[in-house]
Amino acid sequence: MDRALERIALARDQMANGWSCEPAGPVHAALHLLKELRGSLDLRGADPYAANLDDLCDYLSRQLAAASLHNQVATLDEVSHLLQAIRSAWSMYV
């Protein structure tokens with residue numbers, strides 16, 4: 001999650017500075033990291049937390065794609081905030 005947050009911060013800085021083509025790289029990297037996280041979830045079990053995290057990762061991925069497509073810094077901020085909350089909860093869980 002830390003690497004995804006780093007990539008989102010880089011994309012945010014690039015968008016905020018008007019580099020409209022550059023943020024796609026860091027956003028793509030963050031999307032790949034979220035895909036890896038989703039792939040590690042055991043969705044065959046009856047764990048509602050895994051299903052909820054999968055749904056949240058799906059939402060975050062769609063938001064990242066939209067932010068990249070429309071250069072939406074606020075959307076990157078939302079995704080970053082949610083990922084930080086997930087990371088915080090995850091660190092208390094493990």
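This structure is a prediction, so every number in the text was calculated from the model and none was measured.
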List for me each residue that meets salt bridge (Lys or Arg N to Asp or Glu O under 4.0 Å) alongside Asp55, sequence neighbours excluded, and say none if there are none. none
Leu31 CG to Gln63 CD distance, which is reported to the nearest 0.5 Å: 11.5 Å
Taking C-beta and beyond as the side chain, do Asp47 and Asp42 meet within less than 4.5 Å on heavy atoms? no
Starting from Leu34, can I reach Leu69 by hopping between I/L/V/M/F/W/Y residues whose side chains sit under 4.5 Å apart? no
Specify the closest pair of heavy atoms between Ala67 and Leu76, including all atoms of both residues, with the distance to one decimal. CB-CD2, 3.7 Å
For Ser88, is there any backbone N or O sitting under 3.5 Å from a side-chain donor or acceptor partner on Ser91? yes
If the condition is side chain to side chain contact (heavy atoms under 4.5 Å, CB included), which residues does Glu36 pass it with, not counting sequence neighbours? Arg3, His32, Leu33
At what distance, to the nearest 0.5 angstrom, does NE2 of His28 lie from CG of Leu64? 12.0 Å
Looking only at heavy atoms, the pair that brings Gln72 and Met15 closest together is N-SD, 3.7 Å
For Leu56 and Ile86, which heavy atoms make the closest approach, and how far apart are they? CD2-CD1, 3.1 Å
Which atom pair, heavy atoms only, marks the closest approach of Leu83 to Met1? O-SD, 4.1 Å
Taking all heavy atoms of Ile8 and all of Ser80, pick out the closest pair and write down the distance. CG2-CB, 4.1 Å
dist Asp2:CG -> Arg87:CZ (nearest 0.5 Å) comes out at 4.5 Å
Could you state the interatomic distance from NZ (Lys35) to CG (Asp58), rounded to the nearest 0.5 Å? 13.0 Å
Are Trp90 and Leu43 connected, step by step, through hydrophobic side chains (Ile, Leu, Val, Met, Phe, Trp, Tyr) whose heavy atoms are closer than 4.5 Å? yes
Results of salt bridge (Lys or Arg N to Asp or Glu O under 4.0 Å) for Arg7 - residues two or more places apart only: none
Looking only at heavy atoms, what is the nearest atom pair of Pro26 and Leu10, with distance? CG-CD2, 3.7 Å
Distance, nearest 0.5 Å, that separates CG of Leu37 from CG of Asp54: 9.0 Å
